[in-house]
Amino acid sequence: MTETDTQAELKSKLLDAALPHVTFDGWSQETFRAACRDAEIEPSVARVICPRGPIDLALAYHERGDAEMERRLALEDLPTLRLRDRIATAIRYRIEAIDDKEAVRRGTALFALPGNAGDGARAIWGTADKIWNALGDNADDVNWYTKRASLAGVYSATILYWLGDESENCERTWEFLHSRVDDVMNLERVRAQVTGNPLMKLIFAGPNWLASQIRPPHKQDDGFPGTWTDETGKPE
């Protein structure tokens, strides 16, 4: 380790050193200690970079996959594709960014634990948010949340299917993915038809007004999941 190494570089070194051990020991303290040893990073320094040890390394692995997905999406001419194809492409790129299926399998088990479930949910939500941002989503109401919730569900279901898929080139996974995306798009079509019906507009006037007061989160919200506006549109 040199004095010029940044925390990001050190975390990347730790992660690279940890991955060979994850297959055998999972995202565990044993793996974290082995990563410190193999990367030649003092455990006290590693704990500054990753205060929660293996959990932070598992999240770093997830973030690495997100970054690779974003890199590939930036090279695509996305506006020429249908929305459903853009969504499917983004999720496929995210899965193809995974270079170690066992690391994801072990991560799924880690974040299924009650104490870690919140971190896992935030990681999946973050992936969905990055996808919609890459696709140019400009929703500024409750749709900001529903889009990400739907996409997080599709991504999670596809990952679980992919973990058990042994078909050539994961063809069954991509078929499953397109089917799930189609399901979401069909639901959106039905919702549009319902909300476009004059009678339904009257029935849902109250709920629709309530939903219109919800805004997506902004930096000044300091990490809260959204804002509630009063009649003037100002956050309360």
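Position 1 is the first residue of the sequence; numbering continues from there.
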Would you call [X] and [Y] a salt bridge, taking side-chain N to carboxylate O under 4.0 Å as the test?
X      : Y     : value
Arg92  : Glu96 : yes
Lys13  : Glu40 : no
Asp119 : Arg52 : yes

Among side-chain atoms of [X] and [Y], is any donor-acceptor pair under 3.5 angstrom?
X      : Y      : value
Tyr61  : Asp99  : yes
Ser44  : Glu42  : no
Thr23  : Arg106 : no
His178 : Asp85  : no
Tyr93  : Glu68  : no

Ignoring hydrogens and angles, write down the donor-acceptor pairs under 3.5 Å from the side chains of residues 107-114, residues two or more places apart or on other chains.
unit_1	atom_1	unit_2	atom_2	d
Thr108	OG1	Val104	O	2.9

Using the side-chain contact (heavy atoms from CB on, under 4.5 Å) criterion, which residues pair with Ala18? Sequence neighbours excluded.
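So Ala18 forms a side-chain contact (heavy atoms from CB on, under 4.5 Å) with Thr31, Ala35, Leu57.
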
Check: [Y] main-chain N/O paired with [X] side-chain donor or acceptor under 3.5 Å:
X      : Y      : answer
Ser28  : Asp25  : yes
Thr158 : Val154 : yes
Ser150 : Thr146 : yes
Glu9   : Thr6   : yes

For residues [X] and [Y], report the shortest heavy-atom separation together with the two atoms involved.
X      : Y      : answer
Ala17  : Asp38  : CB-CB, 4.0 Å
Ala123 : Leu59  : CB-CD2, 4.1 Å
Cys36  : Ala46  : SG-CB, 3.5 Å
Leu19  : Ala103 : CD2-CB, 4.1 Å
Cys170 : Asp165 : CA-OD2, 3.3 Å

Could you tell me whether Glu171 atom CD has more than 12 heavy atoms of other residues or ligands within 6.0 Å of it?
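Correct, the count exceeds 12.
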
Is it true that, when you exclude Arg172 itself, more than 12 heavy atoms of the residues, nucleotides or ligands shown sit nearer than 6.0 Å to its CZ?
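Not buried by this count: 12 neighbours or fewer within 6.0 Å.
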
Find out whether Thr173 and Ser167 are in side-chain contact, i.e. whether some heavy atom of one side chain is under 4.5 Å from a heavy atom of the other.
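Thr173 does not reach Ser167 side chain to side chain.
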
Each residue besides Phe176 in its hydrophobic cluster should be listed here, by chain and number; the cluster joins Ile, Leu, Val, Met, Phe, Trp and Tyr at side-chain heavy-atom distances under 4.5 Å.
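Under the 4.5 Å side-chain rule, Phe176 groups with Tyr161.
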
Positive for salt bridge (Lys or Arg N to Asp or Glu O under 4.0 Å) with Asp137, one of Lys147, Lys130, Arg86:
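Of Lys147, Lys130, Arg86, salt bridge (Lys or Arg N to Asp or Glu O under 4.0 Å) with Asp137 is met by Lys147 alone.
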
